[in-house]
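Written out below as structure tokens is the structure these notes cover.
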Amino acid sequence: MKLYLDPGHGGQDPGAQGNGLNEKDITLDIALKLRKILLDDYENIDVKMSRSSDTTKGLSERTTEANNWGADFFLAIHINSDNHTAQGYEDYIYRDLSSSSTTAKYQNIIHAEVLKKNQLIDRGKKKANFHVLRESKMPAMLTENGFIDNTHDAALMKQSSWRQDVAQGHANGLAKAFGLKLKAKVPPKPTPTPAPARQPAKPSTPAAPSKPADSLTGTVYEVMVGSFTSRENAEDRVAALKKIGTTGTIVTANISGKTWYRVRVGSFSNRSQAEALLSKMEKAGYNDSFIVIESRNVTDSPSKPAETVYEVMVGSFTSIENAEDRVAALKKIGTTGTIVTANISGKTWYRVRVGAFSSRSQADALLSKMEKAGYDDSFIVIENTSTTDNQTSPNKSTSGTPERSGSSGNAIGMGGNTGGGTSTGSSIVGNSGTGSDPGNRPDIDPVHGNPAGFTILGPTFLSPEHMNRFVKNINPKAPELGSFYLTFGEYYGIRGDVAFAQAILETDYFRFTGDVRPEQNNFSGLGATGSKARGASFATPEEGVLAHLQHLYAYATTIKLPGQYPLVDPRFDLVDRGSAPTWIALNGKWAVPGSDYGQTILDIYERMIHLTIQHLETTRQNLNP
């Protein structure tokens with residue numbers, strides 16, 4: 001039996017990320033363990049892996065290799081991600097296969113055996129149109145082994161014994177599905193009796209214990225008391241902490257091309273110790289405290305120097321077919337394109353890479369050539385391959401999301417991974433980010449694409465409960481403002497749930513880690529123009545939301561403001577009326593420079609939708625246990 005074993009992602013594509021883990025590391029470790037089990041324990045099996053180290057490999061390369069090799073079965077190992085709440089195991093076969101097909105029979109067997117070993121909730125046997133399932137000529141299956149952003153599942157993933165059990169479950173399923181025979185056990189040779197020693201042996205120096213070779217990461221929990229765009233504000237915080245007998249150290253984080261100054265008061269290898277200090281800081285009145293979870297390399301090898309790679313992409317698509325069409329079109333003008341994947345907000349994008357350079361000028365030259373050839377969706381991805389284990393890459397982003405004074409970047413609270421210890425980073429420059437996908441217009445990438453036509457005026461889809469649920473996953477102390485955003489959104493004809501996402505961006509999940517303070521009830525940064533300007537204040541949370549929606553109305557339309565509610569937006573008359581009918585058009589207006597301001601709002605909104613769908617699906621499943 002010839003098994004093509006495909007650990008998902010790798011190299012420049014980390015896959016899903018969460019809780020200090022990268023999907024590419026977990027899948028590779030499980031796959032290597034699975035290969036060892038199969039080759040050590042079973043007869044007549046040959047295993048070929050798409051990758052056996054941390055290397056980049058396109059989807060087409062994987063399926064082509066499996067097809068040319070003549071594999072009997074294609075098995076892809078993956079890890080899931082979905083906004084922290086979902087958990088469990090599921091697997092997939094190609095969507096057009098019947099439930100009585102050979103592949104479906106293999107799925108039934110492997111599914112059952114994996115669940116016996118993985119300690120995960122059963123999310124079911126599913127079908128999908130994934131490339132590796134569709135393009136492989138042999139029966140193929142893809143397994144999703146837990147959710148990396150769920151604390152329960154991620155805690156298991158960090159255990160080598162769990163990864164071994166998952167590998168064993170897959171091995172048991174394959175053996176049962178394909179009738180593999182165990183190798184005959186060779187009895188161990190008897191140990192010869194040693195001759196008696198003539199004289200006592202000299203005592204030997206005990207060897208130093210070695211570090212576990214199987215360990216993926218060492219996790220460090222750093223307690224931060226505040227994150228500021230101004231170093232002076234951070235220094236003020238350090239001085240205030242000193243008065244209560246707490247020593248704070250200023251550390252920097254580069255997030256979306258902007259430097260943030262965090263005040264660190266402790267660093268622990270034990271999560272409970274970090275949480276105890278976090279609780280102490282919150283009781284002292286510092287509600288902007290949070291924990292940064294860093295995943296650090298546990299090897300003793302010295303860090304390699306950073307190396308920046310500039311990759312030129314010609315388009316980014318939600319459909320592999322559209323990416324393949326682009327490759328074919330480029331071939332006609334003598335340019336070779338390679339499809340690579342990127343996971344953005346839990347969604348896979350297929351990018352067409354035409355070159356990778358260590359020199360920025362060479363990349364810019366190729367980008368210009370592609371644009372002159374008519375490919376206006378070309379862009380450059382900047383990859384930083386530093387392996388430094390305790391510093392954020394200085395080149396993490398050169399053209400990133402604008403972070404207003406009310407935001408603290410990626411720090412998502414006690415249970416999240418802020419990215420402060422990442423070893424690889426990427427940013428996107430060029431005309432249109434990941435590019436648009438004319439063949440898949442409904443599936444536009446809301447982070448870097450150009451979702452034309454998604455207007456500020458429109459219906460509110462999410463309920464107040466779902467808005468509040470989303471933000472409380474990150475900040476349990478967040479005020480419940482969903483009902484106000486629904487009410488005023490419906491009155492003014494504005495998408496209240498997207499405005500709620502904007503408020504999340506402006507206030508850092510209502511933690512107010514910038515210049516605006518919670519008591520101001522200013523949820524949209526009105527008047528907070530930087531240089532410690534506090535901005536407008538409102539008497540109640542309801543009035544603060546009303547001002548936010550009125551300011552959006554001023555940008556979205558030239559129609560006179562309806563008169564049911566008083567005008568409380570102090571900056572309404574300063575707006576160039578009707579100048580920003582879409583969320584993307586707010587770029588450079590609401591936040592300066594704000595080149596990706598609207599995209600970032602829509603990214604948060606997309607995540608709100610995903611969490612809502614997941615919650616509703618869980619509710620539906622509970623109705624039919």
Side-chain angles (χ1 to χ4, degrees), residues 17-21 84 148-152 154-159 215-255 259-298 388-392 406-422 471-479 507-514 517-519:
Q17 296 176 299
N19 292 292
L21 299 171
H84 310 288
I148 202 167
D149 56 349
N150 178 273
T151 53
H152 169 271
L156 292 173
M157 292 174 197
K158 292 178 181 180
Q159 302 173 23
S215 178
L216 284 175
T217 59
T219 302
V220 176
Y221 303 92
E222 295 186 307
V223 182
M224 306 291 184
V225 184
S227 181
F228 308 92
T229 56
S230 162
R231 186 176 182 89
E232 290 78 9
N233 288 349
E235 291 170 346
D236 290 344
R237 176 60 55 84
V238 170
L241 289 168
K242 188 176 181 180
K243 293 178 181 179
I244 63 170
T246 300
T247 301
T249 303
I250 298 174
V251 295
T252 59
N254 188 291
I255 301 170
T259 300
W260 290 83
Y261 301 93
R262 296 168 171 174
V263 179
R264 182 175 61 203
V265 295
S267 184
F268 306 91
S269 60
N270 181 288
R271 175 64 178 262
S272 61
Q273 290 176 307
E275 289 177 351
L277 181 55
L278 178 73
S279 177
K280 177 183 176 181
M281 292 296 100
E282 290 175 335
K283 288 178 181 177
Y286 295 106
N287 293 323
D288 55 352
S289 302
F290 58 95
I291 291 176
V292 172
I293 304 174
E294 287 199 4
S295 176
R296 294 181 177 179
N297 191 344
V298 299
T388 304
D389 58 40
N390 62 356
Q391 294 290 330
T392 302
S407 169
S408 67
N410 293 338
I412 61 172
M414 185 176 70
N417 174 21
T418 67
T422 52
V471 75
K472 284 181 177 292
N473 276 337
I474 305 301
N475 176 17
K477 298 179 181 180
T507 64
D508 185 24
Y509 291 84
F510 300 103
R511 291 182 296 207
F512 295 95
T513 53
R517 310 316 301 159
E519 59 271 16

Which distance, rounded to the nearest 0.5 Å, do you find between the OG1 of Thr247 and the CG of Leu241?
9.0 Å
Is any side-chain heavy atom of Met281 closer than 4.5 Å to one of Val265?
yes
Rounded to the nearest 0.5 Å, what's the gap from CZ on Arg264 to OG on Ser227? Could you check?
13.0 Å
Taking all non-hydrogen atoms of both residues, which atom of Ala154 and which atom of Leu21 are closest, and how far apart?
O-CD1, 3.8 Å
Thr249 and Val263: CA distance, side-chain angles, deciding distance, side-chain contact (heavy atoms from CB on, under 4.5 Å) verdict
CA-CA 5 Å; Thr249 303; Val263 179; over 6 Å; no
Can any side-chain N or O of Asn19 pair as donor or acceptor with the backbone N or O of Ile148 at less than 3.5 Å?
yes
Reported CG-to-CE distance for the pair Leu278 and Met224, which is rounded to 0.5 angstrom
12.0 Å
Any chance you could measure Arg231, atom CZ, to Ile250, atom CD1, to the nearest 0.5 Å?
4.5 Å
Ile244 and Ala284 have their tightest heavy-atom pair at CD1-CB, 4.2 Å
With rounding to the nearest 0.5 Å, note down the distance linking NZ in Lys477 to CZ in Arg511.
11.5 Å
Got a sec: does the NZ of Lys280 have more than 12 other heavy atoms crowding it under 6.0 Å?
no
Heavy-atom nearest pair, Tyr509 first then Ala478, reads O-CB, 4.3 Å
Is any side-chain heavy atom of Arg237 closer than 4.5 Å to one of Tyr286?
yes
Which atoms form the tightest heavy-atom contact between Phe510 and Asn475, and what is the distance?
O-ND2, 3.5 Å
